[in-house]
Amino acid sequence: MSGAWIDQDALKSRLNQFFDQNRSSLAAFGSTVNQTFEAFVFAAVVAWYRQHGWEVQFVHPNGEDAKRALRLKFSTRGKPSGYTYVLCRNGRRKVEIRHQLRVATRAHIEGQHARANICLDVAVIRPVDVSDYSTNDAVPVKKLVTFGEAKHMSAFAELIAGFIGVVHEMQPNRLRKQRSNRSKLREHISPFLYVSGQFYPSGQGIIETVEHRQYDIDVFCKTRALTDKFKLDTEKVAENETSLKQSLDRTAAIQTEQDIVTTL
Amino acid sequence: MRYSDFVNLLPRRLKTRFESIGTFVDVVVEEREGNIPKQNRLTSDELAIIKLAVLIFALQEFFREGSRAAAAAVDEFRPLGVPGFRVGSTLFEGRNPNVIRGDELAAALRAAVGAPTILDAIDHASRLRDLILDLMRRVRT
């Protein structure tokens, strides 16, 4: 395939035409695609809990009509009470799946001069009354069960390393040698990063080190990888579902409102 | 027109996703050709074609991923009593035009490209690096 096989000028002309004829469609796609990927990540987390036997229910703000499209929070600004979230129930256990929720970091000290918190793209939390929360208020980290982040750029090493930094800030216990066969029976998803761009070799290199360090985190690139992984977990867990549920119900019966991170 | 000229035709919000691909092509080509005498290396025209083909691959994949993500989200929400989701005033529901827009852009792009050799290379690649190496091989033969 040399220049003689490909008429370079004709190809460039046709590509120019494509951009010209599809200008408004490209603009419409570009203005919503990042949020679409965020909605997908939110949906994937909901799917995981539903497939693992949790009852899931949308809770819309201000009692809005459930038949209208749900209101997700596509910005770090905004009161959390103004947006839809998902309430998940499994026996006595309850968690909420929230979009763009501000959560205090592990090292944050109440009353310190500047607040230390991160707005997590998808946060799974123990139920918290956020009705009086302003846009700047953060949920205590002890309420954080797990979380997911969506990044709309290509995955270089720096992006993956940055996510590891976020995990260090929020749930540092995840960065000890955690992964084992036992983790396939886990109660909740692990913190994960979804990248809606290309996976470059430098990023892949960091991921390989995450695997041999056995960090309890996941990184996904393609939509199929994320949905397949969650469904795959469902298939493997199903074999031990009954014994796991019994064990967890016993634990929930005696567990008080303590920091879930310390129990990992 | 250079690679960057085509990237500049994209809407601003999409441009940054594709700016680095041209450089990545240069890196992979240099890795392979670093020890080859200059006169035997890819010509600038051949390199330009490879970069365009890689851009087409990345764009096609990105458009399709956008539609897949939208469809997966609406399909997950629907059985829970929620018909779809909104981004501003843009509603994503079922397989409405907003949901399938990415797939339609991918199809329009393929139709615009036309060149069977490039489309064949793209269809046989799953990763950028593999596509670049395949295109370099095709250029040589």
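To find a chain, count down the sequence lines: A is the first, B the second, and so on, and within it residues start at 1. Scope of the values below: all heavy atoms of this structure, side chains included, with no hydrogens, waters or symmetry mates.
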Handout entry: Side-chain touch A/Tyr49/A/Val86, heavy atoms, less than 4.5 angstrom
Key = no
Whatever's closer than 4.5 Å to a heavy atom in chain B on A/Gln17 counts as neither
Whatever's closer than 4.5 Å to a heavy atom in chain B on A/Leu11 counts as side chain
- Task: Measure up the A/Trp54 and A/His188 rings against each other and bin them: parallel (under 30°), tilted (30 to 60°), perpendicular (over 60°).
- Result: tilted
So, the part of A/Phe58 with a heavy atom under 4.5 Å from chain B: the answer is side chain
Sequence neighbours excluded, the answer for ring-ring contact (aromatic ring centres under 6.0 Å, His included) partners of B/Phe24 is A/Tyr200
Most heavy-atom pairs under 4.5 Å with chain A, out of B/Glu61, B/Glu65, B/Arg13, belong to B/Glu65
The interface call for B/Thr90 against chain A, heavy-atom contacts under 4.5 Å, is side chain
### Message
Using side-chain heavy atoms (C-beta onward) and a distance below 4.5 Å, is B/Leu47 in contact with B/Lys51?
### Response
yes
Any carboxylate oxygen within less than 4.0 angstrom of a Lys/Arg side-chain nitrogen, looking at B/Glu46 and B/Arg41?
no
Using a strict cut-off of less than 4.0 Å between a Lys/Arg side-chain nitrogen and an Asp/Glu carboxylate oxygen, indicate whether B/Asp134 and B/Arg137 qualify as a salt bridge. yes
Okay, B/Leu105 and chain A: the region with an atom under 4.5 Å from a heavy atom over there is both
Under 4.5 Å to a heavy atom of chain A? For B/Thr43 that would be neither
Salt bridge (Lys or Arg N to Asp or Glu O under 4.0 Å) filter on A/Asp20, not counting sequence neighbours, yields A/Arg23
Handout entry: Parallel, tilted or perpendicular: ring planes of A/Phe19 versus B/Phe6, cut at 30 and 60 degrees
Key = tilted
Max heavy-atom pairs within cutoff under 4.5 Å with chain B, candidates A/Val56, A/Leu15, A/Val46, goes to A/Leu15
Under 4.5 Å to a heavy atom of chain A? For B/Arg129 that would be side chain
Applying a strict 4.5 Å limit to non-hydrogen atoms, the region of B/Ile56 in contact with chain A is side chain
Within the 3.5 Å criterion, strictly below it, is a donor on A/Asn90 or A/Glu55 matched to an acceptor on the partner's side chain? no
So, the part of B/Leu80 with a heavy atom under 4.5 Å from chain A: the answer is both
Within residues 96-104 of chain B, the residues sitting under 4.5 Å from chain A by heavy atom, in sequence order, are B/Arg101, B/Gly102
The side-chain hydrogen bond (donor to acceptor under 3.5 Å, both in side chains) partner of A/Ser196 among A/Glu38, A/Lys222, A/Lys151, A/His152 is A/His152
Ring-plane angle category for A/Tyr194 and A/Phe40, please: parallel below 30°, perpendicular beyond 60°, tilted otherwise.
perpendicular
Cut-off 4.5 Å, heavy atoms of chain B, and the answer for A/Phe199 is neither
Honestly, the part of A/Ser154 sitting under 4.5 Å from a heavy atom of chain B is side chain
Cut-off 4.5 Å, heavy atoms of chain A, and the answer for B/Leu59 is side chain
Most contact-rich option vs chain A, by heavy-atom pairs under 4.5 angstrom, among B/Gly114, B/Ala115, B/Ala108, is B/Ala108
One option among A/Val41, A/Leu72, A/Val33 has the most heavy-atom pairs under 4.5 Å with chain B, and it is A/Val33
Next item on the list: Could you go through the side chain to side chain contact (heavy atoms under 4.5 Å, CB included) check for A/Leu120 and A/Leu144 one step at a time?
Entry: CA-CA 10 Å; A/Leu120 300 171; A/Leu144 182 66; 3.9 Å; yes
B/Arg95 side chain near B/Val74 side chain, heavy-atom distance below 4.5 Å: yes
The salt bridge (Lys or Arg N to Asp or Glu O under 4.0 Å) partners of B/Arg78 (sequence neighbours excluded) come to B/Asp75
